[in-house]
Amino acid sequence: MISVVVPTLGRPSLAALLDALAGQLDELPGAELLLVDDRRDDTGELAVPGALAAYTKVLTGRGAGPAAARNLGWRAARGEWVVFLDDDVVPAPDWARRLRVDLAAAGGAGGVQGVVDVPLPAHRRPTDWERGTAGLADGRWITADMAYRRTALAAVGGFDERFPRAYREDAELAHRVRRAGWDLVRGRRRVTHPVRPEGRWVSLRTQRGNADDALLRRLYGSGWRAALDLPPGRRPRHVAVAAAGAVALAAAALTAAPLRSARARRAVGAGGGLATLAWAAGTVEFTRARVAPGPRTPGEATTMLVTSVLIPPLAVAHWVRGWWRARAVPAGAVVTAPAPGVKRC
């Protein structure tokens, strides 16, 4: 038996996912579809196509994020395999058939990841946001399309609900599953992950994920990126640029204040000048790294410049906030919630 779990906020993309699944689930043995309605306000029932009604259960989420919603789903699932899909992917027409092949070929593996395709514009270079979304295609063990044995999920306690965003919670689970002795493998089924529309300041909002990185650092030590199969980040550079900017601002404030000696004024001025140069060099490098591969339109370049100024201090602030909250967290402890009830069928 195979259970498909989809946490959702009721976004319009859910309709495309359900339409793609309609007519496919009858190819899966004993299939069931569990939609976890994680909306915080009651805005009406989720629309389920008639072709899926016989397979579908809708569960009430707590509005606590995708990790908690997926825990609700897999604990209510009856299948030996639990397949997690995000509500903004579109399974290929042969997705269910290929899923059966993937799971049959899994052997004793604890999980099988699907292939994620991210379509990018053909007529221009992708924007910074589009390139970030395209990185999902190379992600390891991401729950855009990830199947786990129910026994593997139960063995490690499921997702850690201290990760409230769709960020790192899937990589953290995969690490614990592998550490428990299960292999994870890649399959051949495919989903498409369209780039959803976002505002020009989305890169500032995504910096909240630095707080989750701080929790991972607390849980798994300085080697947490390698342990979780994550690429290197820019945090050391962000810290250096933010520190240089802070020193430059402090020097400017001191220069404006009356100082007792000319030597002190010269020292503050020299230190402030060096800090300003370091901040400017770091900001230019960051801006260039983001503008060069993009469409290089005036609007995109302006957005990259403004956000490249703001991201380093914002990233550091979120990291410090996460570190402060995680300072008393015992390493390896997983936080989950009780099992759910069925909202409606």
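Note that the structure is a prediction, hence the values are computed from the model and not measured.
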>> side chain to side chain contact (heavy atoms under 4.5 Å, CB included) for Trp319 and His238? Distances and angles first, verdict last.
In response: CA-CA 11 Å; Trp319 170 271; His238 288 338; over 6 Å; no

>> Run Arg200 and Thr302 through side chain to side chain contact (heavy atoms under 4.5 Å, CB included) and show every step you take.
In response: CA-CA 10 Å; Arg200 65 189 301 186; Thr302 300; 4.1 Å; yes

> Are Asp170 and Phe84 close enough, and set up right, to give a side chain to side chain contact (heavy atoms under 4.5 Å, CB included), and what steps lead you there?
Replying inline: CA-CA 10 Å; Asp170 43 12; Phe84 296 105; over 6 Å; no

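Counting only N and O atoms by type, the side chains of Arg124 and Thr297 include no donor and acceptor under 3.5 Å apart.
The nearest pair of heavy atoms linking Asp160 to Ala67 is O-CB, 3.7 Å. Contact record, Ser203 with Ile311: OG-CD1, 3.9 Å, taken as the closest heavy-atom pair. Looking at every heavy atom in both residues, Ser3 comes nearest to Leu34 through CB-CD1, 4.0 Å. Heavy atoms only, all atoms of each residue included: Leu204 and Leu314 are closest at O-CD2, 3.4 Å. Residues Thr133 and Val118 come closest through the heavy atom pair O-CG2, 3.6 Å. Residues Pro312 and Ser308 share a closest heavy-atom pair of CD-O, 3.1 Å.
In this structure, Glu300 and Val291 have side chains that are not in contact, with every pair of non-hydrogen atoms separated by 4.5 Å or more. Looking only at side-chain heavy atoms (C-beta outward), Arg217 and Ser222 come within less than 4.5 Å of each other. Side-chain contact between Leu18 and Leu33 is present, with heavy atoms from C-beta onward closer than 4.5 Å. Here the side chains of Pro119 and Val195 are not in contact, with every heavy-atom distance at 4.5 Å or above. Contact annotation: the side chain of Leu216 approaches that of Phe163 to within less than 4.5 Å [non-hydrogen atoms, C-beta and beyond].
Ion pair Glu172/Arg162 not flagged as a salt bridge, since none of the NZ, NE, NH1 or NH2 atoms sits closer than 4.0 Å to an Asp/Glu carboxylate oxygen. A salt bridge links Arg70 and Asp86; the closest N-O separation between the charged side-chain nitrogens and carboxylate oxygens is under 4.0 Å. The pair Arg62-Glu161 meets the salt-bridge criterion, with a side-chain N (NZ, NE, NH1 or NH2) lying under 4.0 Å from an Asp/Glu carboxylate O. Look at Asp212 and Arg168 and you find no salt bridge, because none of the NZ, NE, NH1 or NH2 atoms lies under 4.0 Å from a carboxylate O. Looking at Glu169 and Arg165, no side-chain N of the basic residue comes within less than 4.0 Å of a carboxylate O on the acidic one, giving no salt bridge. Salt bridge status for Asp41 with Arg39: absent, with no side-chain N to carboxylate O gap under 4.0 Å.
In terms of hydrophobic clustering, with Ile, Leu, Val, Met, Phe, Trp and Tyr side chains grouped at heavy-atom distances under 4.5 Å, Val58 and Leu21 are assigned to a common cluster. Follow the hydrophobic side-chain contacts under 4.5 Å out from Val239 and you never reach Leu230; the two are in separate clusters.
Applying side chain to side chain contact (heavy atoms under 4.5 Å, CB included) to Leu17 and the options Val90, Asp88, Val191, Val89 leaves one that passes, Val89. The residue from Asn71, Leu72, Thr60 that alone fulfils the side chain to side chain contact (heavy atoms under 4.5 Å, CB included) condition with Val36 is Leu72.
Atom CZ of Arg186 has more than 12 neighbouring heavy atoms from other residues, nucleotides or ligands inside a 6.0 Å radius. Residue Arg40 places its CZ atom among 12 or fewer non-hydrogen atoms of other residues, nucleotides or ligands, all under 6.0 Å distant. Applying the 6.0 Å contact sphere to CZ of Arg98 captures more than 12 heavy atoms from other residues, nucleotides or ligands. Counted within 6.0 Å of CZ on Arg11, heavy atoms from surrounding residues, nucleotides or ligands total more than 12; the atom is thus considered enclosed.
Formation of a donor-acceptor pair under 3.5 Å by the Arg131 side chain with backbone atoms of Arg290 is found in this model. Counting only distance, with no hydrogens or angles, the side chain of Glu130 and the backbone of Pro121 share no donor-acceptor pair below 3.5 Å. Arg125 places no side-chain N or O within 3.5 Å of a backbone atom of Pro293 that could act as its donor or acceptor partner. Proximity of a side-chain donor or acceptor of Arg190 to a complementary backbone N or O of Ala92 within less than 3.5 Å is not detected. Side chain of Thr143 to main chain of Met146: no donor-acceptor pair is present (N/O by atom type, distance under 3.5 Å, no hydrogens or angles). Side chain of Arg150 to main chain of Glu80: no donor-acceptor pair is present (N/O by atom type, distance under 3.5 Å, no hydrogens or angles). No donor-acceptor distance shorter than 3.5 angstrom exists from the side chain of Trp279 to the backbone of Val309, with no hydrogens or angles considered. Distance alone, capped at 3.5 Å, places no donor-acceptor pair between the Arg235 side chain and the Ala315 backbone. Here the side chain of Asp102 pairs a donor or acceptor atom with the backbone of Arg188 at under 3.5 angstrom. Not one N or O on the side chain of Thr276 forms a donor-acceptor pair closer than 3.5 Å with the backbone of Ala248.
A cation-pi arrangement, defined by a distance under 6.0 Å to the six-membered ring centre and an angle within 45 degrees of its axis, is absent between Arg321 and Trp324.
Residues passing the side-chain contact (heavy atoms from CB on, under 4.5 Å) test with Arg178 are Trp141, His175, Leu184, Asp229, sequence neighbours excluded. Every residue meeting the side-chain contact (heavy atoms from CB on, under 4.5 Å) condition with Ala106, not counting sequence neighbours, appears here in chain and number order: Trp81, Ala109, Val112.
Pairs passing the salt bridge (Lys or Arg N to Asp or Glu O under 4.0 Å) check and including a residue from residues 15-36, sequence neighbours excluded, read Glu32-Arg78.
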